[in-house]
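The structure appears right after this line, and notes come after that.
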Amino acid sequence: MIAMQQGPQIAQIFAGPGGASVKGAFAQAGEAVGNFVTKIGPVGLAFGGLAVATGVGLAALISYRSGQAEVEKALSGVGRASGATQSSINALAEAQSQAGAMSRRSARDIAAAYAGTGRIDASLLGGAVSATPDFAKFLGVDRSEGATELAGSLSDVSRGATELAERYGLLTDAQAESIRRMDAQGDRLGAQRRLLDAVRDSTRGLAEATTGWGRATEWLSDRWDDLGRGIDRAVTGGDLDTRLKTARDALADARKDAEGSTSIYRQVFTDPQIATFEADVRRLEKLVQTRDAVSEQVQRGRRSLEVGSLIRSLDPDQEQLKKLTDQGMLLRRAITDPIRFGLSTEQIEAAKRAFGDVSTVVKNLVADVDQFGSRAVAALNRSADASARLVGATGFGRSAADINQRFDEQLRDAKEADRAGIERARRVELDTLTRSQSLEQTQRGGAFARAPSEIQQMVLAASQRFPTVPPEILAAIGEKENGFRLSGPTNIKDRFGNPASTAWGYGQITVDAETDIRKLIPGFDRKDPNQAVMGAAAYLSLRQKWAGGDLTKALDGYGTGPGYGIDVQRRAGQLGDTSSLGVARDLDVQSQAVERSQDALRRNTELYGRNGAALEASSRAADLYRDMLARGVPPSEALRKSLEGFALSAEDAARATRLVQFARDDDFARDQLGRDRIDQQAYAVARARFGDTTSAEARAAIDRTRGTLEMSETKAIFSDGVTSFVTDLRRSGDAATALSNAFGNAADRLIAKVMDSAISSAFGAVGGDSGGGIGGIISSLFGGGSGGDTGVGLTSDGGWAGGSFTGHGERYDVAGLVHRGEVVFSQDDVARHGGVAAVEVMRRSGGLRGYDSGGIVGRDAFTMPSAAAMRPANGNGVPAINFIDQRPAGSPEMEPAVKRRSDGSLDVIVRTVEGRMGQRAAGGQGPFKQAAGGAGFRNG
């Protein structure tokens with residue numbers, strides 16, 4: 001853009017006349033040179049040219065040697081660990097120059113920077129150098145700074161991967177993690193190669209292509225380097241690898257020249273040359289071997305350092321032990337020779353204290369490592385041992401043990417100057433815990449609250465040392481055994497008035513118990529008052545251990561046997577609340593109970609049997625009032641009246657709810673009267689499950705249950721028939737008689753089912769009549785009755801959506817709503833089909849059932865008699881039902897039929913049924929008698 005803007009000016013400068021332009025400048029320079037040559041002449045020009053050439057060559061040599069010196073410097077010291085040589089770096093620079101990536105000198109300087117770190121392998125130098133231009137362009141710096149940055153990332157490859165991922169985003173998290181893991185596993189070369197590949201992939205192509213001027217500059221730089229390298233090789237022979245190669249080539253040429261020469265010529269000329277060349281080759285090879293050996297040694301040392309650092313990091317205890325041991329040795333030398341170390345008197349004392357602190361830490365560390373392998377494992381085992389000792393400990397005992405455990409751990413490695421402060425902190429925490437426990441026990445009541453303060457402190461101290469012993473139990477033992485006295489014989493006397501045993505002191509410790517206690521408290525003396533409470537705690541802890549942790553058994557073993565433990569626990573307050581607050585609460589409860597009883601007596605005297613609602617409301621209000629008073633609400637007559645009003649309203653609502661529930665239950669019970677036995681069970685199951693019998697779920701349950709019960713009854717009929725046949729056959733041996741009896745039993749069941757359905761239908765017609773009873777049933781059966789029928793199927797909306805009889809009344813009396821999809825029978829239709837009972841039978845059973853489902857044979861030809869026809873001759877009472885056996889002898893078929901007689905009675909004709917069935921019915925036996933109830937009976 002600048003060239004385009006300034007183009008005319010640039011052209012003018014290059015093309016302008018005279019010295020006002022570049023062209024003029026070159027012209028003037030040419031003129032000046034011509035004048036100069038004319039003046040000095042050819043000889044002077046020759047000498048001048050030689051001097052210039054010499055100066056140029058010398059400058060090129062100095063420049064080349066300066067670059068080589070930088071490479072040699074980079075490869076000395078830590079740079080040897082890279083494994084690179086001066087010759088390999090020169091070859092790498094030559095390759096980069098031939099590829100046109102950069103000049104030979106630039107590539108050599110960058111490669112030297114990487115090799116100089118000593119942590120980048122020679123095999124990676126080529127890739128690192130080629131990646132540098134793009135990486136530097138990404139960072140916005142020159143190549144030298146870019147090389148320095150990338151060398152740092154490759155040297156510490158784990159840190160470098162993290163920084164390149166977090167700071168620049170050149171690596172993904174997965175790539176960075178992979179590099180870190182490879183480095184941690186010892187594959188640093190692989191990790192460096194992976195990082196270099198990731199950088200090269202992320203920055204490839206960022207560096208701009210070299211311009212023409214840049215290529216010219218790099219070409220001139222390479223030519224200048226060629227000149228210096230040529231002169232250097234002519235003067236010094238080049239680097240070590242180049243000199244070795246030159247010496248080997250010269251040796252080969254000398255040997256080849258000697259092959260065609262005479263012996264004299266070889267002795268005079270070639271053999272001395274060969275010997276000289278061989279000596280040079282051996283000397284140079286030795287130098288190369290020495291250089292390579294040093295480089296390998298440096299690499300081995302670095303690898304050893306990495307492994308050693310890893311080993312030390314995995315065993316910090318050993319490293320700390322070494323460090324402490326070294327510190328201890330230094331302090332010992334300083335203490336034994338203070339003049340040499342220039343210590344004053346104060347410094348000597350400080351060194352002694354420091355030596356003691358270090359010795360303590362070393363001793364503990366050695367013990368931990370020797371026993372458990374590490375300090376951490378040793379601490380875990382100490383904690384585990386402490387927890388094992390606290391099995392069955394009380395809350396107070398466990399808290400005290402935890403405090404001691406924590407401070408013991410701090411004291412193990414504490415400095416001598418810090419120990420007093422640590423111990424004070426322990427005492428403060430234990431004292432705080434003791435005072436809190438003392439306050440809690442005193443408020444709880446029992447023997448501890450009754451004990452003198454001195455005894456209380458001894459009890460708490462003993463419970464700290466023996467954490468499984470409850471303080472209140474230990475106090476109760478002292479109260480029971482010796483009235484809290486610390487010394488003195490037992491209170492139990494023999495018949496001579498002497499102590500009945502050798503028991504002594506606070507816990508009445510015997511001689512045998514004293515022996516056991518000394519296992520826990522060496523030197524224990526049962527007659528020492530200062531040890532009395534501690535001894536009792538020790539002995540009880542032993543008893544707890546022997547009883548498997550059962551406190552009651554331990555107390556019985558401590559004392560006089562069964563009953564001792566219960567008495568001690570009662571004294572301790574463990575069998576109830578013995579605190580002053582608990583006693584006051586119990587008295588208040590008793591007082592309230594008396595008040596409630598008196599109030600209940602008064603209410604029942606006034607209201608029982610007279611006003612149940614007022615009685616219930618008054619009782620509830622009184623209970624609410626007392627509850628509020630118990631919560632601290634101030635007593636108030638207005639509050640009492642308000643609660644009574646609320647209670648009365650609630651009781652009214654509850655009684656109304658119970659009335660509604662009763663009405664619904666009674667309606668259901670009346671509906672059940674109009675259902676046969678199977679429907680009763682089916683409806684009862686649905687109502688129990690779903691709370692109603694009209695919902696879709698309830699109807700589905702009714703249908704399913706009805707089907708199940710029908711199948712069960714059918715199974716029972718067949719099962720009874722088969723059982724009857726087999727039983728009679730076994731008893732009589734007469735198959736015909738057994739079969740006749742079996743069919744007779746089946747017929748009994750079928751007729752009972754028919755009669756149950758018919759009678760249930762009759763009851764269903766009057767089930768909702770408020771004037772029900774026998775009169776209502778008879779009236780329903782035969783078309784009579786009052787007009788007070790409310791309608792069994794009446795729903796909450798005043799309709800009969802579920803069907804049923806709408807009640808008696810005039811033709812145009814409104815009885816409810818009619819819904820779409822229904823068929824309504826007029827009064828004439830009802831009368832024509834046999835009256836309400838007959839129509840209800842058809843509605844409930846889905847029509848007259850056929851023989852296959854328990855109905856009559858030939859139902860299509862059957863005509864339902866009218867209600868008037870069904871009435872007896874006197875128009876009042878129950879018609880006689882006659883059972884007539886017209887079975888032809890030996891006929892296996894049953895053909896039941898029903899006929900109406902002129903006197904209004906009904907004939908139920910059952911043919912082909914055993915003759916004894918009528919006799920059984922006449923004798924009041926079998927399902928006929930049960931189904932007919934009080935109906936008349938006639939056989940034949």
Side-chain angles (χ1 to χ4, degrees), residues 50 53-54 56-76 79-80 82-101 103-105 107-108 111-112 115 121-123 125-126 129 219 221-299:
L50 180 61
T54 303
V56 169
L58 183 59
L61 175 61
I62 293 173
S63 175
Y64 179 78
R65 287 306 307 163
S66 175
Q68 293 297 306
E70 290 295 329
V71 173
E72 291 176 358
K73 181 179 179 181
L75 295 179
S76 61
R80 296 181 184 275
S82 67
T85 64
Q86 188 174 8
S87 176
S88 65
I89 289 181
N90 287 330
L92 184 152
E94 180 67 25
Q96 291 291 326
S97 175
Q98 294 294 330
S103 67
R104 188 183 299 117
R105 183 179 182 87
R108 186 169 55 238
D121 191 82
S123 61
L125 294 181
V129 171
W219 182 85
S221 175
D222 287 343
R223 301 292 77 75
W224 183 260
D225 192 73
D226 288 341
L227 177 60
R229 182 177 59 183
I231 297 174
D232 179 69
R233 288 184 178 179
V235 176
T236 65
D239 58 58
L240 180 59
D241 292 321
T242 301
R243 293 200 304 272
L244 178 58
K245 183 177 181 303
T246 301
R248 287 173 176 171
D249 292 342
L251 177 60
D253 292 340
R255 288 174 176 172
K256 184 176 181 181
D257 187 38
E259 290 177 357
S261 303
T262 62
S263 58
I264 295 175
Y265 182 82
R266 287 198 302 271
Q267 292 177 0
V268 175
F269 295 102
T270 59
D271 288 346
Q273 288 181 343
I274 290 173
T276 301
F277 291 151
E278 288 177 345
D280 288 341
V281 168
R282 287 194 297 272
R283 180 178 59 81
L284 293 174
E285 286 179 343
K286 185 175 181 180
L287 291 175
V288 169
Q289 291 174 357
T290 301
R291 180 200 65 190
D292 293 343
V294 172
S295 177
E296 179 62 26
Q297 177 63 33
V298 172
Q299 293 181 14

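Model, not experiment: these values are computed from the prediction. Sequence positions, counted from 1, serve as the residue numbers for this chain.
Heavy atoms only, all atoms of each residue included: Ile274 and Ala254 are closest at CG1-CB, 3.6 Å. Minimum heavy-atom separation, Val281 to Arg248: CG2-N, 3.8 Å. Among all heavy-atom pairs drawn from Leu125 and Ala115, the shortest one is CD2-N, 3.9 Å.
To the nearest 0.5 Å, atom CG of residue Leu244 and atom CZ of residue Arg283 are 10.0 Å apart.
Sequence neighbours left out, the pairs with a member in residues 268-280 that pass side-chain hydrogen bond (donor to acceptor under 3.5 Å, both in side chains) are Arg255-Glu278.
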